[in-house]
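The structure appears below as structure tokens.
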Amino acid sequence: RYALHSPEKVDRLFLVSPAGAPMSGDGFRHLRQIFDLRSAADGRAFLKRLFHRRPWYSIFLGGQVRRLLGRPLVQSFLKETSNQDSLDSAQSAALKPKTLLLWGRSERILPAECLAWYRENLPPDTTIEEPEGYGHSPHLEIPDDLSRRVLEFARG
């Protein structure tokens, strides 16, 4: 939205597993279910979805993740977010900056229909890459590789 609002301030747009694409009702319900953590086991399952390869120590973090995502601010955000908050095809097509979208092959948080929507609606000169070994949060799992990609793209 910032790139749409202030295009003169954005030369390049680097997106990693971006939210913002409209989803079907089933896709949206499924996404909400992923964030509905009621037990430590649910927290561990969430971490399994979050990463390409879940860290060994994540077996100890299930309760912590459940508590973090159960905070009122997070729950309020999840309850108030709807498809009306998504981009529409006109907004997506109006993006001016050179854009690179990374969608890891191990993305298990956002539904694949989001990637399909981006493929169809982002400007035709957008580059979409689906790197192996990337889950939803490569900044947590493989920050060096992600940083290298960002810098290469920024340098053009």
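Values below: every heavy atom of this structure, side chains too, minus hydrogens, waters and symmetry copies.
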Between Arg49 and Ile109 (side chain of the first, backbone of the second, donor and acceptor by atom type, cut-off under 3.5 Å), is there such a pair?
no

Counting only heavy atoms not in Leu151 (residues, nucleotides, ligands), do more than 12 fall under 6.0 Å from its CG?
yes

Quick check against the 3.5 Å criterion: does Ser76 have a side-chain atom that pairs as donor or acceptor with the backbone of Pro72?
no

Spell out, as yes or no, whether a donor-acceptor pair under 3.5 Å connects the side chain of Arg32 to the backbone of Lys79.
yes

Looking at Glu113 and Ser24, would you say the former's side chain and the latter's main chain have a donor-acceptor pair under 3.5 Å?
yes

Side-chain donor/acceptor of Glu129 to backbone N/O of Leu101, under 3.5 Å:
no

So, the side chain of Ser92 versus the backbone of Asn121: is there a donor-acceptor pair under 3.5 Å, distance only?
yes

Say whether, by atom type as modelled, one donor and one acceptor occur between the side chain of Ser39 and the main chain of Asp42 under 3.5 angstrom.
yes

Does atom CZ of Arg148 have more than 12 heavy-atom neighbours from other groups under 6.0 Å away?
yes

Would one find more than 12 heavy atoms of other residues, nucleotides or ligands at under 6.0 Å from atom CD of Glu120?
no

CZ (Arg1) with more than 12 external heavy atoms under 6.0 Å:
yes

Just by distance, with hydrogens left out, do Ser137 and Glu141 show a side-chain donor and acceptor under 3.5 Å apart?
no

Would you check, one step at a time, whether the test salt bridge (Lys or Arg N to Asp or Glu O under 4.0 Å) holds for Asp145 with Arg149?
CA-CA 6 Å; Asp145 188 68; Arg149 288 173 181 268; 3.2 Å; yes

Could you work out the complete set of other residues in the hydrophobic cluster of Val150, with links drawn between I, L, V, M, F, W and Y side chains under 4.5 Å apart?
Phe14, Val16, Leu100, Leu102, Tyr134, Ile142, Leu146, Phe153

Using the side chain to side chain contact (heavy atoms under 4.5 Å, CB included) definition, which of the options Glu107, Glu132, His136 pairs with His52?
Glu132

